[in-house]
Every structure is written in structure tokens, then in C-alpha cells.
Amino acid sequence: MDGYKKNSHAVFDIKFHVIWVTKYRYKVLRGPIAVRTRELIRQGCEARGITILQGNVGKDHIHLLLSCPPSLAPSKIMQYLKGRLSRLLQDQFPELKKKY
């Protein structure tokens, strides 16, 4: 049973491949914004007990392969990550507020 994770009620190996794009496909994920995006995604996943198996931040999209416990729904994971990421990036980079 290598590769499986356990909690008190389940043995699991759940992986989600998620891709999300910026609004209107604006190419805003460059330079310091891309670096900060990576940091915030790592922090958010670590806080929720989600493991990032692979990830990539493109100029206008983000790819993630996530492994998470069965207690987290994919929609709630994305709601948490995207909402937190958007709010923190717009606070830190005021030029994003003008586009969005």
C-alpha cells in the first residue's frame, strides 16, 4: 500500500488536476506577480493539508496536480485557493485592481 495516505477513517490516494485562467486571459502572471502567486498557493495548500504534486504558473493560467484528503471537496479547495489568492494579490499589487 505504498503511496496511499491514511486518516482515522479512510485509506486514500485522491489526486485532482486543476487548471484555472485569469479573467479575460490577461497575461498578468509575470515576474514578481508569478513568484508571489507560487508562494501564496504553497502557503494555502500547506494550511489545508493539501499536497502539491506538480504545479506551473503560466502567463495567463495555472496548472496544479493536488493530492488531498477525502474530507475536502474539489470545489471548496478551489474556492479557498482562488479567493484567497485574488484578494492577497490585488492588495499587494495595485495595478491588478485596475484590470479587475
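We number each residue from 1, following the sequence as shown.
- Under the 4.5 Å side-chain criterion, counting only non-hydrogen atoms from C-beta, Ile19 is not in contact with Ile62.
- Side-chain contact between Cys45 and Leu81: present, with at least one pair of heavy atoms (C-beta onward) separated by less than 4.5 Å.
- In this structure, Leu96 CG and Tyr26 OH are separated by 12.0 Å, a value rounded to the nearest 0.5 Å.
- Residues Cys68 and Phe16 share a closest heavy-atom pair of SG-CE1, 3.2 Å.
- Taking 4.5 Å as the limit, every side-chain heavy atom of Leu53 sits out of range of all side-chain heavy atoms of Leu66.
- In this structure, Met78 CE and Leu85 CG are separated by 9.5 Å, a value rounded to the nearest 0.5 Å.
- Judged as a side chain to side chain donor-acceptor pair (under 3.5 Å), the pairs with a partner in residues 46-56 (not counting sequence neighbours) are, in order, Lys5-Thr51.
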(message) Working note: His61 + Thr22, criterion side-chain contact (heavy atoms from CB on, under 4.5 Å); need CA distance, chi angles, decisive distance, verdict.
(response) CA-CA 6 Å; His61 65 281; Thr22 59; over 6 Å; no

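- For the pair Gly49 and Pro69, the tightest heavy-atom approach, listed with the atom from each and the gap, is O-CD, 3.6 Å.
- Of all the heavy atoms in Gly55 and Leu64, the pair that sits closest is CA-CD2, 4.0 Å.
- Under a hydrophobic-cluster definition in which Ile, Leu, Val, Met, Phe, Trp and Tyr are linked whenever side-chain heavy atoms come within less than 4.5 Å, directly or via other members, Trp20 and Ile33 are assigned to the same cluster.
- For Glu39, the side chain to side chain donor-acceptor pair (under 3.5 Å) partners at least two apart in sequence or on another chain are Arg36.
- Taking 4.5 Å as the limit, some side-chain heavy atom of Ile50 sits within range of a side-chain heavy atom of Leu72.
- Sorted by first then second residue, the salt bridge (charged side-chain N to carboxylate O under 4.0 Å, His left out) pairs that include residues 68-86, not counting sequence neighbours, number zero.
- Val28 is not listed as a side-chain neighbour of Leu89, based on a closest heavy-atom distance of 4.5 Å or more.
- For the salt bridge (charged side-chain N to carboxylate O under 4.0 Å, His left out) condition, the pairs that include at least one residue of residues 13-23, sequence neighbours left out, are Asp13-Lys15.
- In terms of hydrophobic clustering, with Ile, Leu, Val, Met, Phe, Trp and Tyr side chains grouped at heavy-atom distances under 4.5 Å, Val21 and Val57 are assigned to different clusters.
- Among residues at least two apart or in separate chains, salt bridge (charged side-chain N to carboxylate O under 4.0 Å, His left out) pairs with a member in residues 53-69 are Arg25-Asp60, Lys27-Asp60.
- Annotation: the span from Ser67 atom OG to Ile52 atom CD1 amounts to 11.0 Å, rounded to 0.5 Å.
- Taking each heavy atom of Tyr80 and Ala47 in turn, the nearest pair found is OH-CB, 4.1 Å.
- When the ring-ring contact (aromatic ring centres under 6.0 Å, His included) test is applied to His17, the partners found at least two apart in sequence or on another chain are His63.
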